Engineer: 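Below you'll find the structure I mean.
None of these values were measured; they are calculated from a predicted model.
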Amino acid sequence: NNTYGFYNRGVAQNIFTKNSKYANLLVQVWPGLSNYIDYSHPYAQSYWKQMLPFSGLWLDMNEPSNFCDGECNTTAANIPYNDLPYTPGIKPLYEKTMPLDAKHFGGVDHFNVHNMYGFLESRATHSYLSQAAPLTFSLTRANFPGTGKYSAHWTGDNAANWDFLKFSVAQIMSFNIFGIPMTGADICGFVGQATEELCARWIQIGALYPFARDHHSNDELNQAPYAMGPTVLKTAQVSLNLRYSLLKYYYSLFLEKQGTGTIFRPLFFEFPDDETLYDPQAGHSETQVLLGSGLLVAPALSDNNGTVSLYLPKSRWFDFNNFTMVQNFNDTPQVKTTQSPLNQTAPLYIRGGWVVATQNTTNVNRTDDLDNGFELRVALNDSNNGFRARGKVMSLANMSEQSIHDNCIQSDCLVDISVKDVYGSPGLFFNFTTAVGGSVDPFIVKKITVYGNSDVSDTSLISTNGTAFANAVFQADSNVNYFTVTIPGGIKVQP
């Protein structure tokens, strides 16, 4: 469109991809006939920046996709690239993308750089966003090794069926391994119509994807939770409430990794010697997932009334919600059959030896509604002279983008938590430490829940960094073997 100023500027700067005759390549996507930016061109990044008055961007159709096979309004040329001895997917490689002899900067054929297109667009987008906002966010469909440095990813157009629900867990773990930890799948499926149960099951695990989004084709019926019936709505409410209660735990995992490592993790990363986890028939490494090292999710992924085949590797494990010990450290791991009820969260387990910080989500609608008060979930593990646990918490009172950037990215806002309950010593001892020069706000411990011990006679006081709180109120349940601790006004912690 010659009346579109940005298009005219691109023509003037000669930054569009060319056809084999070096004219601007004509393709078609959602707006109609179009030219694609050549992101390998040295002026492409500066041109792209001029077009983006945004703080975040969703990059779609960037394989690059094309509604034509090769160049629009032409017949595909007979070129050597179209006659390969082996063609992945059987169909021609130019189907629904650029012709393979399209030209990029320096005369490079598209055949040789096709897989780089989405990566280069992500890099150009990040270059702009890092100047426009304290925290960058872009979401890309196409990717290449290194994309995780610049963009989040979603797994593309999936379908509303049980197979794609199951695939999503392995896909997201795979992309964590590929270096893109901020990955998710379209919850409830992009094409097709999910049943009420399928959508509810998808939300149970989808609320715990690193990138969680309910995204559906506009040609289909509405799949928003409120439109899918009371079961989906209630399941969404409790599942999203869980997500927000764990959000600073999730943030802590990303901050701890500093852009490396995995967040949504396969079990064999934490238990590499467990041969059962490599059994493709059992499939435990594709149907269960670790969030960090301390939480394990075992979602219902099949149309079988919520029956889950649960396998817990050798460790102490507790049901996160009802506090019961499901497996002790000395138990031989066995497959257990358990149920995942609707209108509840996915089955979630906390590992012995770990502390997970959760938050009250009353009146929380967005991230910056979160305060800096926590309930510490302490899953004790046997040690040489007592019980111990450890964990981390993101201690930041102001959750604005600028505050997160300044205090958590440029500095360190993580607090290390260690807990010990020494045999014969009447106390539960907490120690909170920070990195030298860190930027940590004071926080309030509102409640402590201790898994794996109900003998409060041996825990008559709570000590934090050497300060004892003798007015702690203990409430134990010997049937389940856990206790809770509350202190009037909470414990203000200044590490």
Engineer: With a 3.5 Å cut-off and no angle check, do the side chains of Asn372 and Ser395 form a donor-acceptor pair?
Structural biologist: yes
Engineer: So, taking the atom named CG in Leu414 and the one named OG1 in Thr433, what distance separates them when rounded to the nearest 0.5 Å?
Structural biologist: 10.5 Å
Engineer: Could you check whether Asn305 and Thr307, counting side-chain N and O atoms only, form a donor-acceptor pair closer than 3.5 Å?
Structural biologist: no
Engineer: Determine whether His41 and Tyr47 satisfy the following criterion, side chain to side chain contact (heavy atoms under 4.5 Å, CB included), listing intermediate values before the conclusion.
Structural biologist: CA-CA 10 Å; His41 194 289; Tyr47 171 73; over 6 Å; no
Engineer: Nearest heavy-atom pair of Ala236 and Ile203: which atoms, and what distance?
Structural biologist: CA-CG2, 3.6 Å
Engineer: Report yes or no: do Ser302 and Asn304 form a side-chain donor-acceptor pair below 3.5 Å?
Structural biologist: no
Engineer: Would you tell me whether Glu197 and Thr195 have side-chain atoms, one donor and one acceptor, within less than 3.5 Å of each other?
Structural biologist: no
Engineer: Please lay out, stage by stage, how Val29 and Ser34 fare under the test side chain to side chain contact (heavy atoms under 4.5 Å, CB included).
Structural biologist: CA-CA 7 Å; Val29 280; Ser34 307; 3.8 Å; yes
Engineer: List the steps and the verdict of side chain to side chain donor-acceptor pair (under 3.5 Å) for Lys234 and Gln344.
Structural biologist: CA-CA 8 Å; Lys234 178 61 177 178; Gln344 296 183 25; over 6 Å; no
Engineer: Can you name the closest pair of heavy atoms from Ser340 and Thr345 and give their distance?
Structural biologist: OG-O, 4.4 Å
Engineer: Should the ring pair Trp317 and Phe271 be called parallel, tilted or perpendicular, given that the plane angle runs from 0 to 90° and is split at 30 and 60?
Structural biologist: tilted
Engineer: Apply the test side chain to side chain donor-acceptor pair (under 3.5 Å) to residues Thr125 and Trp48: give CA-CA distance (whole Å), side-chain angles for both, the deciding distance (0.1 Å), then the verdict.
Structural biologist: CA-CA 7 Å; Thr125 303; Trp48 191 227; 2.9 Å; yes
Engineer: Have a look at Tyr244 and tell me which of Leu242, Leu246, Leu247 forms a side-chain contact (heavy atoms from CB on, under 4.5 Å) with it.
Structural biologist: Leu247
Engineer: Could you go through Asp186 and Arg213, starting from their C-alpha distance and side-chain angles, then the distance that decides it, and tell me whether this counts as salt bridge (charged side-chain N to carboxylate O under 4.0 Å, His left out)?
Structural biologist: CA-CA 6 Å; Asp186 287 345; Arg213 179 181 68 160; 3.2 Å; yes
Engineer: Indicate whether any N or O donor in one side chain lies under 3.5 Å from an N or O acceptor in the other, for Ser411 and Ser439.
Structural biologist: yes
Engineer: Please step through salt bridge (charged side-chain N to carboxylate O under 4.0 Å, His left out) for the pair Arg351 and Glu270, ending with a clear verdict.
Structural biologist: CA-CA 12 Å; Arg351 183 180 172 192; Glu270 195 71 19; 2.9 Å; yes
Engineer: Just checking Lys96: does its NZ atom have more than 12 heavy atoms from other residues, nucleotides or ligands closer to it than 6.0 angstrom?
Structural biologist: yes
Engineer: Would Tyr43 and Asn14 satisfy side chain to side chain donor-acceptor pair (under 3.5 Å), going step by step from the backbone distance to the final call?
Structural biologist: CA-CA 9 Å; Tyr43 297 153; Asn14 201 33; over 6 Å; no
Engineer: Sequence neighbours excluded, which residues qualify as side chain to side chain contact (heavy atoms under 4.5 Å, CB included) partners of Glu71?
Structural biologist: Asn19, Leu25, Leu26, Thr74, Pro99
Engineer: Here's a test for you: under side-chain contact (heavy atoms from CB on, under 4.5 Å), which of Thr183, Ile187, Val289 qualifies with Tyr209?
Structural biologist: Ile187
Engineer: State whether a side-chain donor-acceptor pair under 3.5 Å links Gln50 with Arg9.
Structural biologist: yes
Engineer: Mind checking the OG-CZ spacing from Ser174 to Phe167? Nearest 0.5 Å is all I need.
Structural biologist: 12.0 Å
Engineer: Under a plain distance cut-off of 3.5 Å, with no hydrogens placed, do Gln204 and Ser239 share a side-chain donor-acceptor pair?
Structural biologist: no
Engineer: Here's one to test your reading of the geometry: is the NZ or CZ of Arg377 within 45 degrees of the ring axis of Tyr451 and under 6.0 Å from its centre?
Structural biologist: no
Engineer: Aromatic rings Tyr81 and Phe111: how do their planes relate, parallel, tilted or perpendicular, breaks at 30° and 60°?
Structural biologist: parallel
Engineer: Centroid separation under 6.0 Å, is that true for the rings of Phe144 and Tyr117?
Structural biologist: no
Engineer: Could you verify whether a donor N or O on one side chain and an acceptor N or O on the other, from Thr140 and Glu121, lie under 3.5 Å apart?
Structural biologist: no
Engineer: How long is the gap from CG on Asp412 to CD on Glu256, to the nearest 0.5 Å?
Structural biologist: 10.0 Å
Engineer: Please report the closest heavy-atom contact between His153 and Arg141, naming both atoms and the distance.
Structural biologist: CE1-O, 2.9 Å
Engineer: Verify side chain to side chain contact (heavy atoms under 4.5 Å, CB included) between Leu310 and Gln288, making sure each step is shown before the conclusion.
Structural biologist: CA-CA 8 Å; Leu310 174 66; Gln288 299 174 185; 3.8 Å; yes
Engineer: Can you check side chain to side chain contact (heavy atoms under 4.5 Å, CB included) on Met98 and Glu63, steps first, answer last?
Structural biologist: CA-CA 9 Å; Met98 293 183 183; Glu63 285 74 23; over 6 Å; no
Engineer: Could you check, using the six-membered ring where one of them is a Trp, whether Phe268 and Tyr278 have ring centers closer than 6.0 angstrom?
Structural biologist: yes
Engineer: Quick check: are there more than 12 heavy atoms from other residues, nucleotides or ligands sitting under 6.0 Å from CD of Glu286?
Structural biologist: no
Engineer: Measuring centre to centre across the rings, with the benzene-like ring taken for any Trp, is Tyr36 within less than 6.0 Å of Phe16?
Structural biologist: no
Engineer: Under a 3.5 Å cutoff, is there a donor and acceptor pairing between the side chains of Gln45 and Ser127?
Structural biologist: yes
Engineer: What class does the angle between the rings of His215 and Phe190 fall in, given that below 30° is parallel, 30 to 60° is tilted and above 60° is perpendicular?
Structural biologist: tilted
Engineer: So, does Asp441 use its side chain to make a donor-acceptor pair with the main chain of Ala397 at under 3.5 Å?
Structural biologist: yes
Engineer: Using 30° and 60° as the class boundaries, would you call the ring planes of His114 and His110 parallel, tilted or perpendicular?
Structural biologist: perpendicular
Engineer: Hey, mind stepping through Asp274 and Lys314 against salt bridge (charged side-chain N to carboxylate O under 4.0 Å, His left out) and telling me if it holds?
Structural biologist: CA-CA 8 Å; Asp274 189 333; Lys314 191 173 183 61; over 6 Å; no
Engineer: Whether the Gln402 and Asp406 side chains hold a donor-acceptor pair (N or O, under 3.5 Å, no angle test) is what I'd like checked.
Structural biologist: yes
Engineer: Does the side chain of Tyr311 come within less than 4.5 Å of Thr276's, by heavy atoms?
Structural biologist: yes
Engineer: Describe, in one word, how the ring planes of Phe178 and Phe175 are oriented to each other, choosing from parallel (under 30°), tilted (30 to 60°) and perpendicular (over 60°).
Structural biologist: perpendicular
Engineer: Kindly check if the number of other-residue, nucleotide or ligand heavy atoms within 6.0 Å of NZ (Lys257) is above 12?
Structural biologist: yes
Engineer: Could you tell me whether a side-chain N or O of Ser403 sits under 3.5 Å from a main-chain N or O of Asn398, the two making a donor and an acceptor?
Structural biologist: yes
Engineer: When the aromatic ring centroids of Phe164 and Trp202 are compared, is their separation below 6.0 Å?
Structural biologist: no
